[in-house]
Amino acid sequence: MNRRSAGDRREIDYAALFVVALFAIMLIGIMVLSAMGGGLFDSITENRSDNMNRRGALSYTASKIVANDETGALEVEHGENGDVLVIHDPSGAKPFQTRIWLEDGYLMESITSQQAEGISSEPQRIAKTDLFQVTIGDGIAQITTEDGVRRIHLHAKEGSS
């Protein structure tokens, strides 16, 4: 970078300095773009995950209703904390209930038995959602979550709301 001239004075090689400065600017630019790209990727991944969770709450509840569409198997309890979908064992062999409700921003599920020695599961988080409403009547089950509303035609035509 420094050259010696005929009079023993040092001269700065501006061309080499320019190349080093240009390299540093390009390196900093690449690092900034990489950081921005990583942040964008994290944001897209988080949004996708949240969207899948919201759709999961609606789809999970709908599939539970469809799978247990038998006379007397579905019931909705309306309480202070919102709706609770109660699914009774359709076979009657082992009287148990599956309960699905909203708690602290999560769709929760637990299985309990009506027998003294029966099973009882700890509530499990199913999906993140801030809205959960269920109604059953006139042969239609209607589920409402953040993702929308789904109406299911019940073949058993019976349920209590």
Quick check: do [X] and [Y] have side-chain heavy atoms less than 4.5 Å from each other?
X: Val19; Y: Phe23; answer: no
X: Ile100; Y: Lys64; answer: yes
X: His88; Y: Glu75; answer: yes
X: Leu85; Y: Ile65; answer: yes
X: Glu77; Y: Arg99; answer: yes

Open item on the list: Do Trp101 and Ile136 sit in one hydrophobic cluster, given that two such residues count as connected whenever their side-chain heavy atoms are within less than 4.5 Å of each other, even indirectly?
Closed with: no
- [ ] Please check if Ile140 and Val86 belong to a single hydrophobic cluster, counting links between Ile, Leu, Val, Met, Phe, Trp and Tyr side chain heavy atoms closer than 4.5 Å.
- [x] no
Task: Name of the residue among Val84, Thr129, Thr145, Val134 meeting side chain to side chain contact (heavy atoms under 4.5 Å, CB included) with Leu102 - done: Thr129
Open item on the list: Using the side chain to side chain contact (heavy atoms under 4.5 Å, CB included) definition, which of the options Thr112, Ile111, Ile87 pairs with Gln97?
Closed with: Thr112
Open item on the list: Looking at Ser34 and Ile30, would you say the former's side chain and the latter's main chain have a donor-acceptor pair under 3.5 Å?
Closed with: yes
Open item on the list: If we ignore hydrogens and angles and just use 3.5 Å, is the side chain of Ser43 paired with the main-chain N or O of Gly39 as donor and acceptor?
Closed with: no
- [ ] Apply side-chain contact (heavy atoms from CB on, under 4.5 Å) to Asp42 and Glu46, showing your working.
- [x] CA-CA 6 Å; Asp42 289 344; Glu46 183 178 333; over 6 Å; no
TODO: Not counting sequence neighbours, which residues clear side-chain contact (heavy atoms from CB on, under 4.5 Å) with Arg150? List them please.
DONE: Leu58, Ser59, Ala62, Ile152
- [ ] Give the C-alpha distance, both sets of side-chain angles, the deciding distance and a yes or no for side-chain contact (heavy atoms from CB on, under 4.5 Å) between Leu17 and Asp13.
- [x] CA-CA 6 Å; Leu17 189 61; Asp13 187 1; over 6 Å; no
Search all heavy atoms of [X] against all heavy atoms of [Y] and return the closest pair with its distance.
X: Ala127; Y: Gly56; value: CB-C, 4.3 Å
X: Thr98; Y: Phe96; value: OG1-CE1, 4.0 Å
X: Pro123; Y: Ser110; value: CA-CB, 4.0 Å

Point-to-point distance, once rounded to the nearest 0.5 Å, from [atom1] of [X] to [atom2] of [Y]:
X: Glu103; Y: Glu109; atom1: CD; atom2: CD; answer: 13.5 Å
X: Met36; Y: Met31; atom1: CE; atom2: CE; answer: 14.0 Å
X: Glu146; Y: Asp130; atom1: CD; atom2: CG; answer: 4.5 Å
X: Arg125; Y: Tyr106; atom1: CZ; atom2: OH; answer: 4.5 Å
X: Ile28; Y: Leu33; atom1: CD1; atom2: CG; answer: 12.0 Å
X: Lys128; Y: Leu107; atom1: NZ; atom2: CG; answer: 12.5 Å

TODO: Apply side-chain contact (heavy atoms from CB on, under 4.5 Å) to Leu74 and Asn68, showing your working.
DONE: CA-CA 7 Å; Leu74 302 172; Asn68 294 288; 4.3 Å; yes
Task: Evaluation steps, side-chain contact (heavy atoms from CB on, under 4.5 Å), between Ile126 and Thr61 - done: CA-CA 10 Å; Ile126 303 302; Thr61 307; over 6 Å; no
Open item on the list: For the residue pair Asp83 / His78, report whether a side-chain donor-acceptor contact shorter than 3.5 Å exists.
Closed with: yes
